[in-house]
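Following: one structure in structure tokens, then a few remarks.
Scope of the values below: all heavy atoms of this structure, side chains included, with no hydrogens, waters or symmetry mates. Residue numbers start at 1 and run along the sequence shown.
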Amino acid sequence: MKAQVIKRHGPLGPESLRLLERPVPNPGMGEILLRVLACGVCRTDLHVVEGDLPILPGEGIPGHEIVGEVVKNGPGTKGIFRPGDRVG
């Protein structure tokens with residue numbers, strides 16, 4: 001999967017984020033795997049990138065306003081969402 005990864009915390013600039021290829025994760029207990037269709041970036045994400053909010057240590061992937069399609073269910077999620085469901 002492609003992801004904008006935080007490479008440097010601090011004032012936002014051309015070296016803050018880098019588009020990288022990452023392995024597709026497997027959903028854990030109580031999680032679902034989504035194919036992201038749209039992702040908004042809000043001011044909170046920018047605070048994380050700038051280091052004002054230390055929510056994501058190291059090379060985190062900002063973005064939490066997501067609309068996606070369920071791809072796979074993790075343990076404990078059967079019957080809640082099914083592959084193909086759209087969620088936000």
Residue pair [X] / [Y]: nearest heavy atoms and the distance that separates them:
| X | Y | answer |
| --- | --- | --- |
| Lys7 | Glu15 | CB-O, 3.8 Å |
| Leu17 | Gln4 | CB-OE1, 3.5 Å |
| Arg82 | Asn73 | CA-OD1, 4.3 Å |

Exercise for the section: Report the C-alpha separation of Asp45 and His64 in whole Å, then their side-chain angles, then the decisive distance to 0.1 Å, and conclude whether the side-chain contact (heavy atoms from CB on, under 4.5 Å) test is met. Expected result: CA-CA 8 Å; Asp45 294 311; His64 61 271; 3.2 Å; yes
Exercise for the section: Taking the side chain as every heavy atom from C-beta outward, state whether Val70 and Leu33 have any pair of such atoms under 4.5 Å apart. Expected result: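 Val70 vs Leu33: side chains apart.
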Exercise for the section: Report yes if the side chains of Lys2 and Leu19 come closer than 4.5 Å at any heavy-atom pair, otherwise no. Expected result: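 Side-chain contact under 4.5 Å: yes.
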Run the side-chain donor-acceptor check on residues 21-32: report pairs under 3.5 Å with partners two or more places apart or on a different chain.
| from | atom 1 | to | atom 2 | distance (Å) |
| --- | --- | --- | --- | --- |
| Glu21 | OE2 | Met1 | N | 3.0 |
| Arg22 | NH2 | Glu59 | OE1 | 2.9 |
| Asn26 | OD1 | Lys72 | NZ | 3.2 |
| Glu31 | OE1 | Gly28 | N | 2.7 |

Handout entry: Check against side-chain contact (heavy atoms from CB on, under 4.5 Å), Glu65 and Cys42
Key = CA-CA 8 Å; Glu65 298 176 351; Cys42 73; 3.5 Å; yes
Handout entry: Audit row: Glu50, Arg43, salt bridge (Lys or Arg N to Asp or Glu O under 4.0 Å) steps and yes/no
Key = CA-CA 10 Å; Glu50 292 173 340; Arg43 185 64 198 150; 3.1 Å; yes
Handout entry: Residue list, side chain to side chain contact (heavy atoms under 4.5 Å, CB included) with Arg86, at least two apart or on another chain
Key =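 Listed in chain order: Leu37.
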Practice task
Would you please test Arg18 and Val5 for side-chain contact (heavy atoms from CB on, under 4.5 Å) and show each step?
Solution key: CA-CA 5 Å; Arg18 197 162 288 159; Val5 177; 5.5 Å; no
Handout entry: Joint cluster assignment, Val71 & Val87, ILVMFWY side-chain distance < 4.5 Å
Key =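 No, because Val71 and Val87 fall into different hydrophobic clusters, even though each may have its own neighbours under 4.5 Å.
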Handout entry: Cluster check Ile61, Val36: I/L/V/M/F/W/Y, side chain < 4.5 angstrom
Key =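 No, because Ile61 and Val36 fall into different hydrophobic clusters, even though each may have its own neighbours under 4.5 Å.
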Problem - Result of checking Ile6, Val49, Leu46 against Ser16 for side chain to side chain contact (heavy atoms under 4.5 Å, CB included) - result: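 Per the side chain to side chain contact (heavy atoms under 4.5 Å, CB included) rule, the option paired with Ser16 is Val49, out of Ile6, Val49, Leu46.
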